[in-house]
Amino acid sequence: MMKRTHYTTQLGVEQAGQDVVICGWVDTRRDHGGLIFVDLRDRSGIMQVVFNPEINLDAFHLAESVRGEYVVAAAGKLRLRPDETINPNIQTGQVEIYVDKMEVLNSSKTPPFYIEDGINVDELLRLKYRYLDLRRPEMQKIMMLRHRVVKEIRDYLDENGFMDLETPILMKSSPEGARDYLVPSRVHPGSFYALPQSPQIFKQLLMVAGFDRYFQIARCFRDEDLRADRQPEFTQLDMEMSFVDEEDIFGLVEEMMARLFQAGMGRIINTPFPRLTYAECMARFGSDKPDLRFGLEIVDVTDILGNSDFKVFSGAVAAGGVVRAINAKGCGEKFSRREIDDLGRLAIEYGARGMAWIVVTENELKSPITKFLKEDQIKGLLDRMQAEAGDLIIFGADSTEMVCRVLGFMRLELARRLELRHDEELNFLWVTDFPLLEWDDEEKRYVAVHHMFTSPKLEDIDAMEAEPAKTRARAYDLVLNGTEVGGGSLRIYQRSLQERMFSLVGMTMEDAREKFGYLMDAFEYGTPPHGGIAFGIDRLVMLMAGRDSIRDVIAFPKTQSAACPMTEAPSKVSLRQLRELSLKIREEKA
RNA sequence: GGAGCUGUGGUGUAGCGGUUAACAUGCCGGCCUGUCACGCCGGAGAUCGAGGGUUCAAAUCCCUUCAGCUUCGCCA
């Protein structure tokens, strides 16, 4: 086999005159009868190679027989193209190779879709032939970007004293959080391993072990329903540090992000990142991961409209709820009545009982509700909302939680319709002071908002039993353009505090010992104060690549039903395998 | 578990009660020495996701089902 001398895009005007060999796939072939052009594609780009019977008749005849996606090696002299045939649309458009020898290394069937960018085919087909899909230049670029990001992470953290350590994939099932993927044990009939949802406890134990700074590009597994930005197995940058506080972690992460976006996108991002507390995020944006690329803030008008004659408002407030509103600037004239009704229907889908609205015009208010409002209430409202002619004000009235939820969604929907979300903007935000616990109505107990190893804020520790819901956590999320890209916390490192935490989420000491005895034991052998954070690499790369789906940045992703169309996993296994694992599949109902 | 959208030659679409199931591209053959979305001529290629029903007649209407996608719940 001829040995490759260059990737296609390593060849340009400066290499003209050299004898070169390139290897790749036939992208297109243009046969002019007496002259054949082939665009040869490798992972770097494409190069036009020319077959002329006067240069080499054998190569010319061979070129007549090649087809799309044949794998060939082409040797010849790199020439400058005649001026009038320069192609400015490709990187190598000023040169071409006059082939005097070609080897066909392999043939190819006609692929089921075009190997080119921007194709419009069923994603199922792309996944079934993922190796062909990944051959497309845009997918090659994404995977190279992903590599670059991971490489920069490793370099940056190594330079900052972090050690890359591995933690088990077969581990113990943990009671809280997402559903575990389970792996039956052959040698322990009836017992199961769980695949990690995150290396959380192990990385904390690495801190106990004294490694001080740890990171891992870790695969994590959660057996929950999929979304465009959620896969059952995904990759996290997991890190943990000893002897640090929030400021240390934020500073380190900000510098790392700046470096990643510089390397990955050539973008300069400003540090430090702004910070908002969870409470402020919920009040102003109705979300704990607000997109701050646009305004459309939520405004509380409970004091103005809470005792109005409009029963929906007064009723909500009487039940302990709130009335809040968003001024959708300019939407009063932009949106038709039909579009406003559409928004109302959407609000109901998100859990609202309805959506009151007011359109402000030059000399009147159009609204189904103004007839219930007194003049001073209307004036107070318009004032508070800074309403002008052309505006649309939409309302949410219900429990605080529901109003945040619904108006938070409506805010995003409005931004979508007004096209306020600009892809080129990069808006980072730290969200801090999350609640430590929240009440779970189904389980009738408090559950950890972040996880059970998160430290309460020091000033809230004394009152955590008295007022669990008001206790704040030393937890933080990093949000980019409304997407949560990372989250972490300072951890509990004292046995007594950890025990209090377990009991707050309703675990008995026996439960705690059985599930986490090893961790509590470890806390008694000199555990340093520590904390960390984890980032969704897939989401991060997705945002950098400007993609809408996490599947586009994972080489071999799963479909919405967590299946792989290429390998057809998951699959049935033999009875013998089941027997070895002491498992029995429940009979299907006839 | 719920809601919505989609499923027609290899691919992408049109057709939405009676068509020879149309178009583009790809594929195959022929011609062509400067193309790069090459061009020109010719050809092959579809039991319309699956099953059932309504009808004289179903790609088209109805029901069921499967798959994919989006989304709510869920995802510490």
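Reminder, nothing fancy here: chain letters follow the sequence lines and each chain counts from 1.
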With a 3.5 Å cut-off and heavy atoms only, can you find an N or O donor on one side and an acceptor on the other between the side chain of [X] and the base of [N]?
X: R126(A); N: G68(B); answer: no
X: R67(A); N: C28(B); answer: no
X: R230(A); N: C75(B); answer: yes

**Prompt:** Side chains of W439(A) and D441(A): donor-acceptor distance under 3.5 Å anywhere?
**Reply:**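 Yes - a donor-acceptor pair under 3.5 Å links their side chains.
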Atom pairs, protein N/O to nucleotides 33-38 of chain B N/O, distance under 3.5 Å:
| from | atom 1 | to | atom 2 | distance (Å) |
| --- | --- | --- | --- | --- |
| U33(B) | OP2 | H32(A) | O | 3.3 |
| U33(B) | OP2 | G34(A) | N | 2.8 |
| U33(B) | O4 | E54(A) | OE2 | 2.3 |
| G34(B) | O6 | Y98(A) | OH | 2.6 |
| G34(B) | N1 | E96(A) | OE2 | 2.9 |
| G34(B) | N2 | T85(A) | OG1 | 3.4 |
| G34(B) | N2 | E96(A) | OE1 | 2.6 |
| G34(B) | N2 | E96(A) | OE2 | 3.0 |
| U35(B) | O4' | H32(A) | NE2 | 3.3 |
| U35(B) | O2' | H32(A) | NE2 | 3.4 |
| U35(B) | O2 | R30(A) | NE | 2.6 |
| U35(B) | O2 | R30(A) | NH2 | 3.2 |
| U35(B) | O2 | Q48(A) | OE1 | 3.4 |
| U35(B) | N3 | Q48(A) | OE1 | 2.8 |
| U35(B) | N3 | Q48(A) | NE2 | 3.0 |
| U35(B) | O4 | Q48(A) | NE2 | 2.7 |
| U35(B) | O4 | R81(A) | NH1 | 3.3 |
| C36(B) | O4' | R30(A) | NE | 3.1 |
| C36(B) | O2 | Q48(A) | OE1 | 3.3 |
| C36(B) | O2 | N87(A) | ND2 | 3.2 |
| C36(B) | N3 | R81(A) | NH1 | 2.7 |
| C36(B) | N4 | R81(A) | NH1 | 3.3 |
| C36(B) | N4 | T85(A) | O | 2.4 |
| C38(B) | N4 | D31(A) | O | 2.5 |

Using a heavy-atom cut-off of 4.0 Å across all strands, would you classify [X] as base, sugar-phosphate, or nothing?
X: R405(A); answer: sugar-phosphate
X: E176(A); answer: nothing
X: F409(A); answer: sugar-phosphate

**Message:** Do the side chains of E233(A) and R219(A) get close enough for a salt bridge, i.e. N-O under 4.0 angstrom?
**Reply:** yes
Tell me the partner of [N], counting only Watson-Crick (N1-N3 plus N6-O4 or O6-N4) or G-U wobble (N1-O2 and O6-N3) with both under 3.5 Å; none if nothing fits.
N: A3(B); value: U70(B)
N: A22(B); value: U13(B)
N: C40(B); value: G30(B)

**Asked** Want to settle it: does E442(A) or S549(A) sit nearer the 5' end of RNA chain B, counting the closest nucleotide to each?
**Response**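 The residue mapped nearer the 5' terminus is S549(A).
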**Request:** Give the nucleotide from the list C72(B), C75(B), C27(B) with an atom nearest to the side chain of A178(A).
**Result:** C75(B)
Looking only at heavy atoms, what is the nearest atom pair of [X] and [Y], with distance?
X: Q216(A); Y: P199(A); value: NE2-CG, 3.9 Å
X: I298(A); Y: G286(A); value: CD1-N, 3.4 Å
X: V505(A); Y: A448(A); value: CG1-N, 4.0 Å

**Request:** Please determine if R79(A) forms a cation-pi arrangement with Y98(A), meaning its NZ or CZ atom is less than 6.0 Å from the six-membered ring centre and no more than 45° off the ring axis.
**Result:** yes
Protein-nucleic acid N or O pairs under 3.5 Å, nucleotides 7-16 of chain B:
| from | atom 1 | to | atom 2 | distance (Å) |
| --- | --- | --- | --- | --- |
| G10(B) | O2' | P112(A) | O | 3.4 |
| G10(B) | N2 | Y114(A) | OH | 3.2 |
| U11(B) | O4' | P112(A) | O | 3.4 |
| G12(B) | OP1 | D122(A) | N | 2.9 |
| G12(B) | O3' | N120(A) | ND2 | 3.2 |
| G12(B) | O2' | N120(A) | ND2 | 3.4 |

**Asked** Do the side chain of E443(A) and the main chain of D440(A) share a donor and acceptor less than 3.5 angstrom apart?
**Response**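 Pair absent, no side-chain N/O of E443(A) close to backbone of D440(A).
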**Message:** For W430(A) and Y476(A), take the angle between the two ring planes, folded into 0 to 90°, and tell me which bin it lands in: parallel under 30, tilted 30 to 60, perpendicular over 60.
**Reply:** perpendicular
**Message:** Using atom C1' in both nucleotides, what's the gap between C62(B) and C16(B) to the nearest angstrom?
**Reply:** 14 Å
**Message:** Please determine whether a side-chain nitrogen or oxygen atom of S561(A) lies at a distance below 4.0 Å from atom OP1 or OP2 of G68(B).
**Reply:**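 For G68(B), OP1/OP2 do have a side-chain N/O of S561(A) under 4.0 Å.
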**Asked** Got more than 12 heavy atoms from elsewhere within 6.0 Å of CD, E116(A)?
**Response** yes
Could you list, one pair per line, each protein nitrogen or oxygen that sits under 3.5 Å from a nitrogen or oxygen of nucleotides 4-6 of chain B, together with the distance?
none

